[in-house]
Number of protein chains: 2
Amino acid sequence: MAGSPAMDRLVESLKRLPGIGEKSATRLTFYLLRAPDELAVELAESLMRLKRETLLCERCFDLGDRSPCKLCADESRDDSLVCVVEEPADRVAIEASGRFRGRYHVLGGALSPIDGMGPAHLRISELEQRVRSGQVREIILATNPNLEGEATASYIAERLRPTGVPLTRIAYGMPLGGDLEYADHVTVARSLENRRKID
Amino acid sequence: MAGSPAMDRLVESLKRLPGIGEKSATRLTFYLLRAPDELAVELAESLMRLKRETLLCERCFDLGDRSPCKLCADESRDDSLVCVVEEPADRVAIEASGRFRGRYHVLGGALSPIDGMGPAHLRISELEQRVRSGQVREIILATNPNLEGEATASYIAERLRPTGVPLTRIAYGMPLGGDLEYADHVTVARSLENRRKID
């Protein structure tokens, strides 16, 4: 359809990626044909290496190139603080904020009965074990502020209550740079409920 | 930044593609890590084969897997009609309209003095030669309806006038400033049907 079978094949492969349809895939394919050879080769090599050279940290279950990962091996970080996130991408977001110097625990998703994701599919027992065996003094539940993330946070809070370790939940409120006029009602309500005293 | 060096490398490679920024590249990388191994491998192989197994047809200069290409070798097509387009993607758009059963001629771009694209950079002499040596009874100028495409059509009309072969221009069923590659089939079909003779 696009030209050579090799072009059609790349279009089909690209279409399997999220957010890339027929037109984008065709456009990318023609772009790669016009671009220097090196670009397609570089992309292909990056793809081949991606899974081969990426592994799960046996401590925090984040993705990295070694286990324990760089953050788990970093002696300067605070062992007594554990931040629980759903996915590696969430860990990246928290780390990019520069406000957290503790350890992470990546669950590998959120509870979602519709998608068949139960507690056994997440690394919750591993978290429990980690909390029981260590000197953790606070667990920050940083699952996403949506239905699944809330359910997951509640479930983990219930499971970890017997350990006696204090649990916290990331704050809800207005995003910085946001506009009250365009914010959804729930966010505005939460930012009012969670208002803080100005000293 | 994202996790392993292999992940960072793929993010950097993906960012070199048009329309893919840091966030899309990171999202695609995490998606590929979660997806079955086979997807990344399939993509990598498609990329490696793309240029290796795609070549230029020596007759129409379209991209394909052989020369002469499938369309040039097709005995059922009308030799007396030649449709001149800028890029292989434009040929795809015309063919997808299902309204053209002649031959194609891919220029390899449009005249654009600003980008240093002169007549010598396009396959215009090859077109002239093709017209002079064959039994062509109509040349459809299907360059894009924008500044460069118009200039290219005018220039070719001037160059081919001495051959005496009737020239037509695709009709403006399309909005000015548009691109054939992204037009819908019906619009492309209309613009073929309404083509006008160039005096």
Side-chain angles (χ1 to χ4, degrees), chain A residues 1-14 16-20 23-24 26-57 62-66 69-70 87-89 91-93 95-96 108-109, chain B residues 1-14 16-20 23-24 26-37 39-55 57 62-66 69-70 87-89 91-93 95-96 108-109 181-182:
Chain A
M1 161 69 184
S4 66
M7 288 165 72
D8 292 339
R9 185 177 164 187
L10 181 58
V11 168
E12 287 309 312
S13 301
L14 287 169
R16 293 173 62 191
L17 297 175
I20 296 186
K23 288 207 169 181
S24 301
T26 308
R27 192 168 47 94
L28 287 172
T29 300
F30 279 119
Y31 179 85
L32 284 162
L33 273 166
R34 273 196 304 268
D37 282 17
E38 169 270 322
L39 177 55
V41 172
E42 168 59 28
L43 248 176
E45 275 180 18
S46 307
L47 284 161
M48 294 304 286
R49 281 169 175 231
L50 178 66
K51 285 221 178 175
R52 215 165 48 206
E53 296 178 14
T54 302
L55 48 84
L56 227 51
C57 169
D62 191 16
L63 295 165
D65 60 337
R66 70 198 88 168
C69 70
K70 215 171 64 187
E87 302 282 358
R91 195 278 299 155
V92 173
E95 194 61 15
Chain B
M1 162 67 185
S4 66
M7 289 165 72
D8 293 338
R9 185 177 162 184
L10 181 58
V11 168
E12 288 308 312
S13 302
L14 288 169
R16 293 174 60 190
L17 297 175
I20 296 185
K23 287 209 168 178
S24 301
T26 308
R27 191 168 49 93
L28 287 171
T29 300
F30 278 120
Y31 179 85
L32 284 161
L33 274 165
R34 273 197 305 269
D37 282 17
L39 177 54
V41 171
E42 170 59 28
L43 247 177
E45 275 179 19
S46 308
L47 283 161
M48 294 303 286
R49 281 170 174 229
L50 178 66
K51 286 219 177 178
R52 215 164 49 205
E53 295 178 13
T54 303
L55 49 84
C57 170
D62 191 17
L63 295 165
D65 61 336
R66 70 198 88 166
C69 70
K70 215 171 65 185
E87 302 281 359
R91 195 279 299 157
V92 173
E95 195 60 16
E181 186 178 345
Y182 305 117

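Values below: all heavy atoms of this structure, side chains included; hydrogens, waters and symmetry mates excluded. In the text below, chain A, chain B and the rest are named by the order of the sequence lines, each starting its count at 1.
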>> Between B:L55, B:L33, B:L14, who has the most heavy-atom pairs with chain A when the cutoff is under 4.5 Å?
In response: B:L33

> Among B:S24, B:A44, B:G19, who wins on heavy-atom pairs under 4.5 Å with chain A?
Replying inline: B:A44

[X] vs [Y] side-chain heavy atoms within contact, under 4.5 Å:
X     : Y     : value
A:L32 : B:L50 : yes
B:E87 : A:R34 : yes
A:R27 : B:P18 : yes

>> For the interface with chain B, which of A:C57, A:C69, A:A40 has the highest count of heavy-atom pairs at distances below 4.5 Å?
In response: A:A40

>> On a heavy-atom basis, which atom in A:S4 and which in B:G64 lie closest, and how many Å separate them?
In response: CB-C, 3.5 Å

What's the separation between atom [atom1] in [X] and atom [atom2] in [Y], rounded to the nearest 0.5 Å?
X     : Y     : atom1 : atom2 : result
A:E42 : B:L47 : CD    : CG    : 11.0 Å
B:M48 : A:L10 : CE    : CG    : 12.5 Å
B:S46 : A:L43 : OG    : CG    : 11.5 Å
B:L39 : A:R16 : CG    : CZ    : 4.5 Å

> Looking at B:K51 and A:E38, does any basic side-chain N land under 4.0 Å from a carboxylate oxygen?
Replying inline: no

>> List the residues meeting side-chain contact (heavy atoms from CB on, under 4.5 Å) with A:E95, not counting sequence neighbours, and say none if there are none.
In response: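 For A:E95 the side-chain contact (heavy atoms from CB on, under 4.5 Å) partners, ignoring immediate neighbours, are A:L71, A:R77, A:R91, A:Y104.
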
>> Which residues pass the side-chain contact (heavy atoms from CB on, under 4.5 Å) test with A:E45, not counting sequence neighbours?
In response: A:V41, B:R9

